[in-house]
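Handing you a structure now.
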Amino acid sequence: MTQPTILVTGATGRVGGSVVAQLHAAGVPVRALVRGEADFPAGVRAVRGDLGDPASLGAALEGVDAVFLVWPFLRPDGAAEVIDVIGKHARRVVYLSSAGVGDGKDTPGDPITAFHTELERLIEASGLERTALRPTGFASNTLGWADELRATGAVRAPLAKLARPLIHEADIAAVAVQALTTDTLLGARPLLTGPEPVTQEQQVALIGEAVGRPLRFEEIAPAEAAERMRAAGWPAELVAAVLPAQAAMLDRPEPVNDAVERITGVPARSFREWAVDHAADFR
């Protein structure tokens, strides 16, 4: 019996790239959607296409059975058209959503949760087989500290004691592979977390251990952090949403669960393990 072909969007990103690598290692035919030149292992077919242009997706979707969907925009504009095109070719979508998406009917207050909520709604309405993965914060987001750590040996940011169960992208990918290649997660919306909360101060220290030199976290006021974010080009709506959401986690911490282990059979990787895996990115 011929194995189904899987299309991975966001294939040059951390999670999508890990999905490509794990599917390929398992011998599953995998196709990577790209907008430009990209290198993948032999046997992985890279196909040009752009989620911002649904008409460009036909060739990438030809003969595809399932799609790993990463939405790269802050708004859901055009998502209905993309999902419609996917539905003309594939039977299943595994969507990379967010832990912020709830099951209630309240309108989300921040733009990130809002577009994830709408994408989940559109996929559900499509009638496609579906799974929505809802991870907590990505450990890979700390790569945003890399330049500053290399230059100064410190991270200047707010909320040193903010503790989050950050998740390794390889663990998200391992769950995605299960959802793409088996029927065990059909219709599911699993909350995926790392194994334990780690404060931002501890995260920097663990990165320091991984690279073999002491690194430190220098706490600054949220107002200064907001100004730094704006100067770095962050959209105003994100600046207004991210910092208050992070501050709220001090009193209402994110939950921790064992979903990764229950689904994949392997415990979720710790932030320490993530730091070791990515030490070269910080050197």
Side-chain angles (χ1 to χ4, degrees), residues 4-11 13 15-16 19 23 28 30-33 35 47 49-136 138 167 172-173 175-193 235 237-238 241 245 255 257 259 263:
T5 297
I6 295 171
L7 176 67
V8 177
T9 73
V15 179
V19 173
L23 287 169
V28 178
V30 58
R31 193 175 297 171
L33 185 72
R35 290 186 297 174
V47 183
D50 188 341
L51 291 175
D53 178 13
S56 72
L57 302 176
L61 286 163
E62 192 66 39
V64 163
D65 183 73
V67 175
F68 180 68
L69 179 59
V70 180
W71 190 248
F73 311 110
L74 278 178
R75 292 180 175 83
D77 302 353
E81 292 79 4
V82 168
I83 293 165
D84 182 61
V85 172
I86 290 173
K88 293 176 180 177
H89 297 270
R91 63 182 176 88
R92 178 177 300 183
V93 172
V94 175
Y95 175 58
L96 182 59
S97 187
S98 165
V101 178
D103 297 325
K105 297 181 179 179
D106 294 339
T107 302
D110 71 88
I112 297 175
T113 302
F115 84 74
H116 282 304
T117 300
E118 178 63 7
L119 263 291
E120 284 197 27
R121 186 193 70 77
L122 290 169
I123 293 168
E124 182 174 0
S126 74
L128 287 160
E129 295 179 356
R130 66 191 184 280
T131 303
L133 308 183
R134 294 177 172 179
T136 51
F138 296 178
I167 185 167
I172 303 173
V175 175
V177 168
Q178 288 292 313
L180 289 161
T181 61
T182 75
D183 293 341
T184 57
L185 292 173
L186 284 181
R189 295 172 292 191
L191 174 69
L192 307 175
T193 83
E237 59 188 325
L238 273 188
N257 65 29
I263 293 167

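Side chains included, hydrogens not; waters and symmetry mates left out as well; all remaining heavy atoms used.
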Checklist line | Residue pair V101 / H116: nearest heavy atoms and the distance that separates them | finding: CG2-CB, 3.5 Å
Next item on the list: Using side chain to side chain contact (heavy atoms under 4.5 Å, CB included) as the criterion, point out the one residue from V67, V70, L119 that pairs with Y95.
Entry: L119
Margin query: D84: which residues meet the side-chain contact (heavy atoms from CB on, under 4.5 Å) condition with it, sequence neighbours left out?
Written below: K88
Notebook entry, point to check: Can a salt bridge be assigned to the pair E118 and R121 using a cut-off of 4.0 Å between side-chain N and carboxylate O?
Noted result: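 Salt bridge flag = yes for R121 with E118.
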Item checked: Minimum heavy-atom distance L33-G49, with the two atoms named -> CD1-CA, 3.5 Å
Next item on the list: Search all heavy atoms of A32 against all heavy atoms of L7 and return the closest pair with its distance.
Entry: C-CD1, 4.3 Å
Check: Donor-acceptor pair, D110 side chain versus A245 backbone, under 3.5 Å?
Finding: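 Absent.
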Note to self: To the nearest 0.5 Å, what is the distance between CD1 on I172 and OG1 on T193?
What the structure shows: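 I172 CD1 to T193 OG1: 10.5 Å, rounded to 0.5 Å.
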Check: What pairs of residues pass the salt bridge (Lys or Arg N to Asp or Glu O under 4.0 Å) test when at least one of them lies in residues 53-71, not counting sequence neighbours?
Finding: D65-R91
Notebook entry, point to check: With no hydrogens and no angle check, is any side-chain donor or acceptor of R31 less than 3.5 Å from a backbone partner on V47?
Noted result: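 No; zero donor-acceptor contacts below 3.5 Å.
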Note to self: Let's go through L69 and I123 carefully: what are the C-alpha distance in whole Å and the side-chain angles of both, what is the deciding distance for side chain to side chain contact (heavy atoms under 4.5 Å, CB included) to 0.1 Å, and is it a yes or a no?
What the structure shows: CA-CA 10 Å; L69 179 59; I123 293 168; 4.2 Å; yes
Check: Among all residues two or more places apart in sequence or in another chain, which pass the salt bridge (charged side-chain N to carboxylate O under 4.0 Å, His left out) test with D50?
Finding: none
Item checked: Spatial distance of atom CG (L186) from atom OG1 (T131) [nearest 0.5 Å] ->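 The CG atom of L186 sits 5.5 Å away from the OG1 atom of T131.
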Margin query: Going by side-chain contact (heavy atoms from CB on, under 4.5 Å), name the residues that satisfy it together with E237, two or more places apart in sequence or in a different chain.
Written below: L74, R75, P111, P235
Next item on the list: Measure across V19 and A176 and return the closest heavy-atom pair with its distance rounded to 0.1 Å.
Entry: CG2-CB, 4.0 Å
Next item on the list: State which residues pass side-chain contact (heavy atoms from CB on, under 4.5 Å) with V177; sequence neighbours excluded, sorted by chain then number.
Entry: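 Partners of V177 by the side-chain contact (heavy atoms from CB on, under 4.5 Å) criterion, ordered by chain and then number, come out as Q22, L23, T181.
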Check: When you look at I263 and L192, which way does the side chain to side chain contact (heavy atoms under 4.5 Å, CB included) test go after all the steps?
Finding: CA-CA 10 Å; I263 293 167; L192 307 175; 4.2 Å; yes
Next item on the list: Output all residues satisfying side chain to side chain donor-acceptor pair (under 3.5 Å) with D183, sequence neighbours left out; order by chain, then residue number.
Entry: R92
Next item on the list: Return yes if some donor-acceptor pair links the side-chain N/O of T9 with the main-chain N/O of F68 below 3.5 Å, else return no.
Entry: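 Indeed, once roles are kept as given, a pair shorter than 3.5 Å links the two residues.
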Item checked: Euclidean distance, F138 CZ relative to I167 CD1, rounded to 0.5 Å ->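 One gets 8.0 Å once the value is rounded to the nearest 0.5 Å.
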Note to self: So, using side-chain contact (heavy atoms from CB on, under 4.5 Å) as the criterion, who are the partners of V82 when residues are at least two apart?
What the structure shows: L51, P54, L57, W71, I86
Notebook entry, point to check: Nearest 0.5 Å, what's the CD1-CG distance between I83 and L128?
Noted result: 8.0 Å
Next item on the list: Kindly write out the residues that satisfy side chain to side chain donor-acceptor pair (under 3.5 Å) with S97, not counting sequence neighbours, or none if the list is empty.
Entry: E120
Item checked: Closest heavy-atom pair and its distance - P255, T136 -> O-CG2, 4.5 Å
